[in-house]
S.K.: 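Quick one: structure below, then a few questions.
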Amino acid sequence: LIAGNWKSNKTTSEAMEWLQKLSAISFQLSAKECSIVLCVPFTLLYPKRRELDLLRLPILLGAQDVSPFEDGAYTGEISARMIKELAEWVTIGHSERRTHFYESEELLIRKVLQAKKEGLRIIYGIPDSQTSVPSDVDIVAYEPPSAIGAGKSAEDPIEANKVIEDITVKQNISAETLMIYGGSVSPENIASFVAEPSIDGIFSGRASLDAEKFSELIQNASNA
Ligand code: PGA
């Protein structure tokens with residue numbers, strides 16, 4: 001699974017440009033080799049949904065957050081029910097949300113419950129092997145903060161594989177749950193991550209912002 005995470009980036013017109021570029025790169029997405037999920041800001045869910053359907057690109061959409069409440073008097077929040085109309089996935093527990101928005105385990109569990117109730121599939125981020133994973137998430141993204149963002153370098157793939165195995169065993173993660181790695185993944189290093197036996201895919205921030213690089217990530221992962 002290749003998941004892109006646009007974080008707080010791109011206006012609607014920039015997002016449309018990205019899609020046009022991607023479809024122009026004779027984008028050979030072989031759905032049988034990998035699934036592709038793109039997590040975008042809320043403002044882009046509707047236009048992306050429409051364009052992806054028009055262009056018939058096999059990319060599933062994800063939101064980057066969800067309200068811990070149902071619909072109602074919660075100013076500024078986007079509920080799971082609203083997301084479900086436009087996206088299949090949601091990412092919860094990214095370390096940037098834990099750090100910059102002080103999201104606690106308790107809050108994250110409430111978000112997971114709301115997402116589950118609406119049938120959204122969940123990519124749950126954890127920064128290390130000690131952080132607990134709620135039951136019933138679909139994907140666990142192990143993303144060491146020391147490897148996330150500009151100026152950082154990716155963790156050694158062998159080490160990332162070991163941590164992922166550790167998480168799987170110690171937290172009794174079910175065999176159906178995919179385990180992915182995130183943090184400075186690039187077209188150059190993606191093959192070394194997906195070649196590891198316990199790494200089922202990757203979560204990419206910066207590389208996913210560039211249509212050409214995103215397409216290369218998919219090609220290089222498929223070839224590996
Ligand atoms: P990065 O971000 O690829 O820019 O390091 C990864 C992530 O936060 O998902």
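What's counted below: heavy atoms across the whole structure, side chains too, no hydrogens, waters or symmetry copies. Whatever order the structure lists ligands and atoms in, that order sets their numbers, starting from 1.
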S.K.: Among all protein heavy atoms, pick out the one at the shortest distance from atom 4 (O) of ligand 1; state its residue, atom name and that distance to 0.1 Å.
M.R.: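 Heavy-atom neighbour on the protein nearest atom 4 (O) of ligand 1: R206 NE, 2.8 Å.
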
S.K.: To the nearest 0.5 Å, tell me how far K162 NZ sits from I167 CD1.
M.R.: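 Separation between the atoms: 14.0 Å.
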
S.K.: Can you tell me if R81 has over 12 outside heavy atoms packed within less than 6.0 Å of its CZ?
M.R.: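 Not buried by this count: 12 neighbours or fewer within 6.0 Å.
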
S.K.: Which protein non-hydrogen atom lies closest to atom 9 (O) of ligand 1, naming both residue and atom, and how far is it?
M.R.: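 Sorting protein heavy atoms by distance from atom 9 (O) of ligand 1 puts E143 OE2, 2.7 Å first.
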
S.K.: Are R49 and Y46 in a cation-pi contact, defined as NZ or CZ under 6.0 Å from the six-membered ring centre and within 45° of the axis?
M.R.: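 Ring-cation test returns no.
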
S.K.: Cationic tip of K10 within the cone over W6's six-membered ring, i.e. under 6.0 Å and within 45° of the normal?
M.R.: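 Yes, K10 sits over the ring of W6.
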
S.K.: Just by distance, no angles: are the side chains of E165 and N161 close enough, under 3.5 Å, to form a donor-acceptor pair?
M.R.: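 Short answer, yes.
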
S.K.: When only distance counts, is F203 in polar contact with ligand 1, meaning an N/O pair under 3.5 Å?
M.R.: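 Among all N and O atoms of F203, none is under 3.5 Å from an N or O of ligand 1.
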
S.K.: Going by the order shown, which atoms of ligand 1 are within less than 4.0 Å of some heavy atom of A147?
M.R.: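 Ligand 1 atoms under the 4.0 Å threshold to A147: 5 (O).
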
S.K.: Please list, in number order, the atoms of ligand 1 under 4.0 Å from a heavy atom of S184.
M.R.: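 Every atom of ligand 1 under 4.0 Å from some heavy atom of S184: 1 (P), 3 (O), 5 (O).
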
S.K.: At less than 4.0 angstrom from any non-hydrogen atom of H94, what atoms of ligand 1 do you find?
M.R.: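 Selected atoms, number and element: 7 (C), 8 (O), 9 (O).
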
S.K.: Closer than 4.0 Å to some heavy atom of K7 - which atoms of ligand 1 meet that?
M.R.: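 Those qualifying, in numeric order: 2 (O), 6 (C), 7 (C), 8 (O).
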
S.K.: List every atom of ligand 1 that sits less than 4.0 Å from any heavy atom of N5, numbering the atoms from 1 in the order shown and giving each element.
M.R.: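 Checking each atom against N5, I get 9 (O).
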
S.K.: Measuring only between side-chain heavy atoms, which start at C-beta, is F42 closer than 4.5 Å to Q64?
M.R.: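 No; the side chains remain at least 4.5 Å from each other.
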
S.K.: Look at atom CG of L54 and say whether more than 12 heavy atoms of other residues, nucleotides or ligands are closer to it than 6.0 Å.
M.R.: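 For L54, atom CG is crowded (more than 12 foreign heavy atoms under 6.0 Å).
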
S.K.: Would you mind checking which non-hydrogen protein atom is closest to atom 3 (O) of ligand 1, with the distance to 0.1 Å?
M.R.: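 Looking only at protein heavy atoms, the one closest to atom 3 (O) of ligand 1 is G205 N, 2.8 Å.
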
